[in-house]
Amino acid sequence: MLLSSIALDLPLPRLFDYAVPEHLAAQLRRGMRVRVPFGRRQTSGIVVRAPFEAGADAGEHRLIEALIDDSPLLPAELLSLCEWAADYYHHPLGEVLAAALPGSLKREGSAESGEPLWQLSEAGRAALAGLPERQRALRAALQTLAEQPRRGKAWAPAAQRQTLLERGWARCELAPAAPAPYLAPLPLPELTEEQSQALAALQENGEHFHVSLLDGVTGSGKTELYLRRIAQALAAGRQALLLVPEIGLTPQLQTQLAQRFGEGVASFHSGLSAREREKTWLAARAGSVAVVVGTRSAVFVPFARLGLIVVDEEHDTSFKQQDGFRYSARDLAVVRAQRAQLPVILGSATPALESLHNARAGRYRHIRLTRRVQTQAPPQIRVLDVRGQQLQHGLSEPLLLAIDRCLEKGEQALLFINRRGYAPLLLCHACGWRAPCTHCDAQLTVHRTRGRLICHHCGWQQSLPRECPSCGGSELISVGQGTERIEQALANRYPRHRVERLDSDRLSQRSELDALLADIRARRIDILVGTQILAKGHDFPSLSLVGIVSADQALYGADFRAIERMGQMLTQVAGRAGRSGQAGEVWLQTHEPEHPLLRTLIDKGYHALSDELLLERQAACLPPYSHLALLRAEAQDAQTPLRFLTQAREHCLGFAGVQVMEPIPSGMERRAGYWRAQLLLQAAQRSELHRALAAAVPQIAELPGARRLRWSVDVDPADLF
DNA sequence: AGCACGCCGACT
DNA sequence: GTCGGCGTGCTC
């Protein structure tokens, strides 16, 4: 009896073997979707192991009911990447595959795209001689195929094609679309000397696997180098994948891509409809789209002839999926490139410490761009010691005066504060009551324009109270600053100038963002207030002043990556200043002007900071000098997660080189009504950590309590909360 | 995850 | 007497 292993979209760490009906045996191949009975229902799955002879001990097997695809929906390269990822992240393969498929193709759904290519098999050639004269139609079909492979369906009637497949006399593959000829639009922007050298370095290993860390200050022209390398891939008849942190926020990049590659560019991100995503996915697979630009999940888009992967802003944490299947798209991009033997470029002005460490270790080629294309001087960060200073809504007098001067010169100013809303806390002056979220260990944020109190952790909201719910007092004060408050304060101070706010609250609609960015470029906006959204790759041509309202939050951050993040964010925001001709000034308000790491960043820059942080990490045995995995658990009461993790811990113990900490409540223990806890595993060698997880995770899944709570494995966690 | 089976509390 | 709560077990 022939069996085939099928991956089903279930949270179970195993495959299911089904019996293969005779008439399907010849056609069934890895990567095809099949319909199978499962329990008392029907579901669909993906063939992971092609038909194999059942061993003597084979138990009972139900029959595969039908094929959904004529040819494998998942190309071999992608399927094996998913298998690798399931293994590495210790996540069920069926769920990994579900994450890799666009929603509409997860179940049934026809995947007709491009032309099928039919070829005669060895068995078919052999059968040709022995086929009786009477079966004229079948003979004719076989004869046609024997002459040459055929595209499409017109070469034989459906019945005969079906028979050929069933008997294994023919195979049907997706025929790769012919590459569209790539014509470089002229003239291309001229490269600086430094850019030319970097481009030469990027080309050095040709089209084979190598990782280039393109480490270039903001404005040094990394994007142009991506475009050149992509153009080279296209000219060689290949396709390219460009991963970006958040696509909706980078319309400029989209425009540049469209200008350079025209219709050959397609995007892939959550802002698109299921239909649009499916279209891009299938077009890339068929080879009929040249460049795919997409967010995290685009790392799973199949390609007929992938030739290059670029990860822009590789340090960005949005490449890490934060729930369910917790993969890192940046890391998977490198693995994918390695397995497919392609070059990959990781680009950033502020590379992750992991990437810098890989570059130092010689695993990545480190290519640096230190000069800006348009201005000579990088912006100088000036520290504003605000201790004891009179602050107006968090803004100090010197900063306000700097804004005055900036506006007088007719230039634009940008105020950065990494907090949405009006104020992070509502406090009763009479009794000290603070507005809490009833579902989280957090305060509600005041949103004055909407007249609401909103929890930024679970989304819960209520209307803004007029009196204190605790004592009835009427003096409720907003403590601290958010973007709304800064916006309002500046609008009041500068009534004749236009002040706008840019944060995720304002970005409900894409058209709004476009209009806002257009207004900024046309200098219709004088002051822009916003969160880290501002740091992400926008060019503001006449921006001469950047004010960072406070850097202090990050300095007290509990996570071991807090300072690294702060350095990245401040460097990225500061990089917005002075992009065309003017030098630009950056002011940073802080209560900790002497903080040594803040000093390093300001006086010597991000790379000096990262050098120091790497030393600290080495001394503390933290990543990238060790490897972490976090077991997370949450339940509706406080004890269940800790109890579960205590049991889970037993299964993690006893592996050489792996340290298993005690389970502890998470940084914010209660969130969205759930009590959360975590268990940290640490190992000097990745292989040791992997060995422990491979043994422990299936056992943990079998724990009696495992079904009464939510739990997950987080390999290479982005944060320890 | 579904979807069953199975054994204890308040209802027509 | 039964409707239905969710604990436990299984799915090739």
Side-chain angles (χ1 to χ4, degrees), chain A residues 1-25 27-69 74 79 82-83 85-86 89-109 321-327 631-641 643-644 647-648 651 672-675 697-714:
Chain A
M1 181 176 51
L2 284 177
L3 298 181
S4 177
S5 303
I6 311 294
L8 302 173
D9 183 8
L10 298 170
L12 300 175
R14 66 198 146 116
L15 301 174
F16 291 86
D17 292 343
Y18 283 83
V20 181
E22 230 169 275
H23 70 284
L24 296 181
Q27 326 168 47
L28 200 68
R29 272 175 294 155
R30 260 166 68 82
M32 285 180 169
R33 292 174 301 168
V34 289
R35 209 166 44 241
V36 291
F38 187 71
R40 15 204 102 198
R41 66 212 154 95
Q42 274 221 356
T43 186
S44 63
I46 289 165
V47 179
V48 168
R49 196 171 163 201
F52 58 96
E53 199 58 51
D57 58 340
E60 302 234 333
H61 297 283
R62 298 174 76 179
L63 277 169
I64 291 176
E65 202 149 291
L67 297 184
I68 300 173
D69 308 306
L74 280 117
L79 178 53
C82 289
E83 289 175 312
Y89 291 106
H90 298 276
H91 199 82
L93 179 58
E95 291 194 337
V96 172
L97 292 170
L101 288 172
S104 46
L105 295 175
K106 263 173 217 164
R107 301 261 164 235
E108 305 281 303
Q321 172 106 33
Q322 291 294 4
D323 53 70
F325 168 36
R326 296 170 176 263
Y327 65 98
L631 224 57
R632 303 165 186 274
E634 54 181 40
Q636 311 228 27
D637 67 290
Q639 284 318 302
T640 303
R643 258 205 309 269
F644 173 74
Q647 290 182 321
H651 295 286
Y674 283 84
W675 297 79
V697 171
Q699 290 187 287
I700 293 168
E702 298 288 307
L703 284 173
R707 287 206 50 175
R708 284 194 293 270
L709 48 55
R710 301 192 208 159
W711 66 282
S712 65
V713 184
D714 192 350

Taking atom P of dC10(C) as reference, at what distance in whole Å does atom CZ of Phe16(A) sit? 12 Å
Residue pairs fulfilling salt bridge (charged side-chain N to carboxylate O under 4.0 Å, His left out) with at least one residue in residues 697-713 of chain A, sequence neighbours excluded: Glu634(A)-Arg710(A)
Above 12 or not: heavy atoms from other molecules or residues under 6.0 Å from CD of Glu22(A)? no
Would you say the ring centroid of Tyr18(A) lies under 6.0 angstrom from that of His61(A)? no
Short heteroatom pairs, N/O only, protein and nucleotides 7-9 of chain B, under 3.5 Å:
none

What's the closest nucleotide to the side chain of Arg40(A) if the choices are dA4(B), dA1(B), dC12(C)? dA4(B)
Round to a whole Å and report the spacing from CE of Met1(A) to P of dC12(C). 14 Å
Separation of Arg41(A) atom CZ from dT11(C) atom P, in whole Å? 13 Å
Polar atoms only, N or O, under 3.5 Å: list the protein pairs with nucleotides 6-9 of chain C and their distances.
residue, atom, partner, partner atom, Å
dT8(C), OP2, Arg708(A), NH1, 2.3
dG9(C), O6, Arg707(A), NH1, 3.0

Of all residues at least two apart in sequence or in a different chain, which pass the salt bridge (Lys or Arg N to Asp or Glu O under 4.0 Å) check with Asp714(A)? Lys320(A), Arg326(A), Arg632(A)
Check salt bridge (Lys or Arg N to Asp or Glu O under 4.0 Å) between Glu83(A) and all other residues, then give those that pass, not counting sequence neighbours. Arg30(A)
Length of the CD-P vector between Gln42(A) and dG2(B), whole Å: 16 Å
Check whether any side-chain heavy atom of Asp69(A) sits under 4.5 Å from a side-chain heavy atom of Arg33(A), and report yes or no. yes
When the side chains of residues 5-16 of chain A are checked against the rest of the protein, which donor-acceptor pairs come out under 3.5 Å, sequence neighbours left out?
residue, atom, partner, partner atom, Å
Ser5(A), OG, Asp17(A), OD1, 2.7

Can you tell me the distance, in whole Å, between the CG atom of Leu8(A) and the C1' atom of dC3(B)? 15 Å
Looking at OG of Ser44(A) and CD1 of Ile68(A), how far apart are the two atoms once the value is rounded to the nearest 0.5 Å? 4.5 Å
Determine the interplanar angle of the Tyr89(A) and Phe325(A) rings, folded into 0 to 90°, and report it as parallel if under 30°, tilted if 30 to 60°, perpendicular if over 60°. perpendicular
Separation of Glu60(A) atom CD from dT11(C) atom P, in whole Å? 10 Å
Base, sugar-phosphate, or nothing for Phe38(A), non-hydrogen atoms under 4.0 angstrom? base
Value in whole Å for how far the P atom of dC12(C) lies from CG of Asp17(A): 11 Å
Rounded to whole Å, CG of Leu12(A) lies from P of dC10(C) at a distance of 13 Å
